[in-house]
Amino acid sequence: MVDVTVTHERTARHNSGPDEVEERLTGRRIVSLDRTGKFLHSDLDDGQLLVAHLGMTGRFTVDGDDEPHTHLRLLLDNGHLVRFIDPRTFGFVAVYDAPSSAPGLARLGADAWLTPPGAAELAAALRGRTAPIKALLLDQGLISGLGNIYADEALHGAAIHPLRPGGTLTMTEIEDLLEAISNVLVSAIHNGGTSLDDRAYLLPDGRAGENLGQLHVYGRTDQPCLECGTPIQQVSVRSRSTHFCPTCQAERQ
DNA sequence: ACCTCCCTGGCC
DNA sequence: GGCCAGGGAGGT
């Protein structure tokens, strides 16, 4: 990285500020590109760890246009210009000495796509947990990588009510849930991801992902369940909108 | 283990 | 003019 410019305080909030991020990155070479859950992370040539999170509206572009809400620019020694654009500034870019000092990243559960847990492992993690399974799926400590949309979709695929206390899931339900998570992610990735009307998420070439039309419950409040016709219900779980079919995902089985 | 806060664009 | 959307951090 030949030149690094950070122009928004909040983007650098996990370091002391924009100056520290610029200083720690300038002159460094990126030697890896990885992802765990929703965290992007790279090893640098001096042993530091570069971590980025897109939050809700963050995205990286390479040699793109200069857009509003561009908060960080990386000029690479190959001439390419990487921009971090993030209107709502829920995302961040941070540099740490070690993974253990990166908040969030250090506490992530197994990645839902790359290294999903086995049923026995997930069952052990769920044992004794009283929080709603929906909340546990969003809390990245159990399984990492699922957001609000795919958590709702996975629970519907597994026919599990979102308010079921995590510890009450049967082994069969846990197996179904893991399979549903896999199915949901395979489908979403195959379809290029879920671009909503706000177009906050787009494919690298600027096209919208087409998975929205494949969703069974998210954003389908009051519309008929595709399995049974019952109107999809929307409730709030931990102040996150939650969509489910009250028939397919009955409270008890 | 819970709750509040952060932030902006879009829509009612 | 006000509310909602959403991911995580931090504090209680």
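Each chain gets a letter, A, B and so on, in the order its sequence line appears, and its residues count up from 1.
- Qualifying ring pair (Phe, Tyr, Trp, His ring centres under 6.0 Å) partners for A/His41, counting only residues two or more places apart in sequence or in other chains: none.
- Spacing between atom CD of A/Gln234 and atom P of C/dC4 amounts to 11 Å, rounded to whole angstrom units.
- The stretch residues 124-140 of chain A comes close to DNA chain C through A/Gln140, each having a heavy atom under 4.0 Å from the strand.
- Both A/Leu196 and A/Leu146 are assigned to one and the same hydrophobic cluster, defined by single-linkage of ILVMFWY side chains at heavy-atom distances under 4.5 Å.
- Rounded to an integer number of Å, the gap from CG of A/Leu196 to P of C/dC4 is 18 Å.
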Residues 90-97 of chain A side chain polar contacts: donor-acceptor under 3.5 Å, at least two apart:
{"residue": "A/Asp97", "atom": "OD1", "partner": "A/Arg24", "partner atom": "NH2", "Å": "2.7"}

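- B/dC7 has no base stacking with the ring of A/Phe90 when judged by centroids under 5.5 angstrom apart and an interplanar angle below 30°.
- Put simply, A/Arg238 has a side-chain N or O that comes within less than 4.0 Å of OP1 or OP2 on B/dC2.
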Return the polar atom pairs (N/O with N/O) between nucleotides 8-12 of chain B and the protein under 3.5 Å, or none.
{"residue": "B/dT8", "atom": "O2", "partner": "A/Arg88", "partner atom": "NE", "Å": "3.1"}
{"residue": "B/dG9", "atom": "OP1", "partner": "A/His69", "partner atom": "NE2", "Å": "3.0"}

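- Within the helix from B/dA1-C/dT12 to B/dC12-C/dG1, the inter-axis angle between the opening and closing five-pair segments is 50°, rounded to 10°.
- Residue pairs meeting the salt bridge (charged side-chain N to carboxylate O under 4.0 Å, His left out) criterion with at least one member in residues 83-95 of chain A, sequence neighbours excluded, are A/Asp66-A/Arg83.
- Phosphate contact (OP1/OP2 of C/dG8, side-chain N/O of A/His53, threshold under 4.0 Å): present.
- Nucleic acid contact for A/Gly147: sugar-phosphate only, since backbone atoms but no base atoms lie under 4.0 Å from a heavy atom of the residue.
- Counting to the nearest Å, the C1' atom of B/dC6 and the NE2 atom of A/His14 are 11 Å from each other.
- Using a 4.0 Å heavy-atom distance criterion, A/Phe39 is classed as a sugar-phosphate-only contact.
- To the nearest angstrom, C1' of C/dC4 lies 11 Å from CZ of A/Arg240.
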